[in-house]
Novice: 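If you scroll down you'll find the structure; I have some questions about it.
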Amino acid sequence: MRDTHRERERERQRYRQREKQAPCREPDMGLDPGSPGSGPGLKAALNCWKADPEAHTPPPLQEPSGPSPPSQAQQKESVQAVRRSLPVFPFREELLAAIADHQVLIIEGETGSGKTTQIPQYLFEEGYTKKGMKIACTQPRRVAAMSVAARVAREMGVKLGNEVGYSIRFEDCTSERTVLRYMTDGMLLREFLSEPDLASYSVVMVDEAHERTLHTDILFGLIKDVARFRPELKVLVASATLDTARFSTFFDDAPVFRIPGRRFPVDIFYTKAPEADYLEACVVSVLQIHVTQPPGDILVFLTGQEEIEAACEMLQDRCRRLGSKIRELLVLPIYANLPSDMQARIFQPTPPGARKVVVATNIAETSLTIEGIIYVLDPGFCKQKSYNPRTGMESLTVTPCSKASANQRAGRAGRVAAGKCFRLYTAWAYQHELEETTVPEIQRTSLGNVVLLLKSLGIHDLMHFDFLDPPPYETLLLALEQLYALGALNHLGELTTSGRKMAELPVDPMLSKMILASEKYSCSEEILTVAAMLSVNNSIFYRPKDKVVHADNARVNFFLPGGDHLVLLNVYTQWAESGYSSQWCYENFVQFRSMRRARDVREQLEGLLERVEVGLSSCQGDYIRVRKAITAGYFYHTARLTRSGYRTVKQQQTVFIHPNSSLFEEQPRWLLYHELVLTTKEFMRQVRGPSFAQESEDVWGGRILARFNLLRLAEKQENINLR
DNA sequence: GAGCACTGC
């Protein structure tokens, strides 16, 4: 045990050394609080809106005067002045005393209170990083970890990567000197594998805990456990106002420390009656705001790309018809899949006399902040992923957002000045129809990965693991069952040698099984590519509306007999031959961003091969070997053609080949699929057929049945019923 | 014959 521990630590050091050669990036999108703007005064609301008298947020605290630019000597002093002006500053001593007195402290603070940047610095100043101990601060997002670290490094007057650094996937900007580590929550979770007791940390601060990401939720359980046998470890849980009582209860009634935020008031208005067509209502409302309201940009929340494009078209169309009767209105879409140059447009300042309307997905709710927004228009819907553990099917559906989410959206109007939020639903609906909070991710997602990680941390009794909100029973069962079928767990529910290796790979268990199997079939080069391409969950192919025919032709040109996995391999190989060129992507209607991500994933996996004892080897065009390795991981995902579509072997579910698949026309008798998604129908995405008839009957059918019989043993072990 | 919210390791 100890040996592998040390080995891992050495590997980690080597990894850091490698990474250090690359200079740390300065993030492009800062999270810095906005400078005070001269906001317009509040006027009477629009006719169709009813003001909610109780929705007034308290008046803002005094904004600090910005740092004075001229002399360098003054700069250090002005940095300290800005630090002192943050809402958290007056609480410094009281906060440090509370941390000294209690092992776990819940910190309740709004955005802009300075908790993320200041508290770790206070702890540093107080000596919590003496004797080589470190402070970790986790963030749900990569950009946040990077930009906060950059800001703290500036405030402390050190080079980013020295005393202050960040650690995110694909990029480790820390060194031996680093004592303040900002990192993504997933990164800290991975660190448990090499340091299960977090021995090198004196303080762990979990920031943005209210977001309840899957990784944050797992961290809670693990950290609570570590804290029990490491009484000197300090745990800070930082969250917005929401749910702090729950965190406190979870951590054995840990005290809650409140820090006021700095926000401008936002007036909230509701419609008097429900809207039948919210897209149309949105467009009309934007124009109404534009015509009747004082200057200030507008932010509209819609659910997805399609809706956003439609809304933007409608808005531009109507503006064109109104012509010079209204002032200029810049209509700008923003969503994650939008090409970066288009995304950058929303950050350009609005020209004088004009007004900007940004039509966004949830990306504008937390991930990015647009300066100058005074008006928010919220129809109250979002797309949400859900997971059905009985069928193993994921779906993405439009659902009403939670109250928490609605308030977060409204808050986007009050960042630079007093703002207004127009909700396209009634006050009654807000009160009675919206859930308080969004269902935490842990209850809406498949958990194969997480279960494998927990098992490898020695947590055997998952049913009784201390979850803040436990996932559905069935989700855990399905995960255990699949891990058992993959040979990652033995009949006693213990991790096997191969399971231990699988846990080292940051991909789904079925993918890691496939990678391990590539050793046997000597095709790890190809399998790494397939795995990397499969884990890019965006579609690889770009299909702009005005070039549908070209795009579809380009896609078909990549088709190879043998199914979608080989098509993905083909795309990647050709791209690599082009020298990883963006031009090549453009010409072939392939998404450059997705490919770059696939390359990052592939490189990371390649770097981990040694650790899981898989050698690099190529099948030299013998694709049967690639297919066999895929089967080793995905035999669990098979389906047989019946008269009424395909029937999955395990769940006897009726499913269909996705129309984008290369096998859509072929309809082979047996199929292996990567995943099931429920959209307009139950679809299998990324499928491949058997390479020969015998494989389908004997290998697939026989093997699956043999595995399922073994499930009885699993049932005995877990003392549960799996069927 | 369909259609991709957002993150993260």
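Just the heavy atoms: all of them, side chains too, but no hydrogens, waters or symmetry mates, feed the values below. If you're wondering where the values come from, they're calculated on a predicted model, not measured in any experiment. Labels below follow one simple rule: chain letters A, B, ... track the order of the sequence lines, proteins then strands, and each chain is numbered from 1.
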Novice: How close or far is atom P of B:dT7 from atom CG of A:Asp217, stated in whole angstroms?
Specialist: 19 Å
Novice: Phosphate oxygens OP1/OP2 of B:dT7: is one of them under 4.0 Å from a side-chain N or O of A:Arg169?
Specialist: no
Novice: Please state how far atom CG in A:Leu189 lies from atom P in B:dG8, giving the value in whole angstrom units.
Specialist: 14 Å
Novice: Classify A:Lys681 by what it touches in the nucleic acid, base, sugar-phosphate, or nothing, heavy-atom distance under 4.0 Å.
Specialist: nothing
Novice: Let's see if you get this right: which residues in residues 299-309 of chain A place a heavy atom under 4.0 Å from DNA chain B?
Specialist: A:Thr303, A:Gly304, A:Gln305
Novice: Just to confirm, is there a sub-4.0 Å distance from OP1 or OP2 of B:dT7 to any side-chain nitrogen or oxygen of A:Thr213?
Specialist: no
Novice: Which sits closer to the 5' end of DNA chain B, A:Ile334 or A:Val507, going by the nucleotide each is nearest to?
Specialist: A:Ile334
Novice: Indicate, with a heavy-atom threshold strictly under 4.0 Å, whether A:Asn362 touches base, sugar-phosphate, or nothing.
Specialist: nothing
Novice: Starting from P on B:dT7, measure out to CD on A:Glu394 and report it in whole angstrom.
Specialist: 16 Å
Novice: Return the nearest nucleotide to the side chain of A:Arg190; candidates are B:dC9, B:dG8, B:dA5.
Specialist: B:dC9
Novice: Can you label the angle between the A:Phe467 ring and the A:Phe465 ring as parallel, tilted or perpendicular, going by 30° and 60°?
Specialist: perpendicular
Novice: Please walk me through it: do A:Phe247 and A:Phe220 pass ring-ring contact (aromatic ring centres under 6.0 Å, His included)?
Specialist: CA-CA 9 Å; A:Phe247 294 134; A:Phe220 283 147; 5.4 Å; yes
Novice: For residues 443-450 of chain A, please give each side-chain donor-acceptor pair under 3.5 Å, one per line with the distance, not counting sequence neighbours.
Specialist:
unit_1	atom_1	unit_2	atom_2	d
A:Gln443	NE2	A:Pro470	O	2.9
A:Arg444	NE	A:Val439	O	2.9
A:Arg444	NH1	A:Lys385	O	3.1

Novice: Take atom CD of A:Gln604 and atom C1' of B:dC9, then tell me their distance rounded to the nearest Å.
Specialist: 7 Å
Novice: How many whole angstroms separate atom CZ of A:Phe541 from atom C1' of B:dA2?
Specialist: 15 Å
Novice: Which of these nucleotides, B:dC9, B:dA2, B:dC6, is closest to any side-chain atom of A:Arg597?
Specialist: B:dC9
Novice: Checking A:Asp378 now: which residues fulfil salt bridge (Lys or Arg N to Asp or Glu O under 4.0 Å) with it, not counting sequence neighbours?
Specialist: A:Arg409
Novice: Who pairs with A:Ala310 by side chain to side chain contact (heavy atoms under 4.5 Å, CB included), at least two apart in sequence or on another chain?
Specialist: A:Leu279
Novice: Picking from B:dA5, B:dG8, B:dA2, which would you name as closest to the side chain of A:Asn660?
Specialist: B:dA2
Novice: Quick one: list whatever passes side chain to side chain contact (heavy atoms under 4.5 Å, CB included) with A:Glu313, sequence neighbours left out.
Specialist: A:Lys545
Novice: Rounded to whole angstrom units, what separation is found between the CD atom of A:Glu211 and the C1' atom of B:dT7?
Specialist: 9 Å
Novice: Output the rounded distance in Å from OH (A:Tyr335) to P (B:dA5).
Specialist: 9 Å
Novice: Does this structure show an ion pair linking A:Glu307 with A:Lys383, if we count only N-O contacts that are shorter than 4.0 Å?
Specialist: no
Novice: Check every atom of B:dC9, B:dA2, B:dC6 against the side chain of A:Pro659 and return the nucleotide holding the closest atom.
Specialist: B:dA2
Novice: From B:dC4, B:dA5, B:dG8, pick the nucleotide closest to the side chain of A:Arg142?
Specialist: B:dG8
Novice: I need the CD1-P distance between A:Ile442 and B:dG8, as an integer number of Å.
Specialist: 18 Å
Novice: Does A:Phe558 have any ring-ring contact (aromatic ring centres under 6.0 Å, His included) partners at least two apart in sequence or in another chain, and if so, which?
Specialist: A:Trp584
Novice: Does OP1 or OP2 of B:dT7 have a side-chain N or O of A:Thr184 closer than 4.0 Å?
Specialist: no
Novice: Can you identify which nucleotide, out of B:dG8, B:dC6, B:dA2, has its nearest atom closest to the A:Arg141 side chain?
Specialist: B:dG8
Novice: Describe the nucleic acid contact of A:Leu396 in one word from base, sugar-phosphate, nothing, applying a heavy-atom distance below 4.0 Å.
Specialist: base
Novice: If you check every side-chain atom of A:Lys383, which of B:dC6, B:dA5, B:dA2 has the closest atom?
Specialist: B:dA5
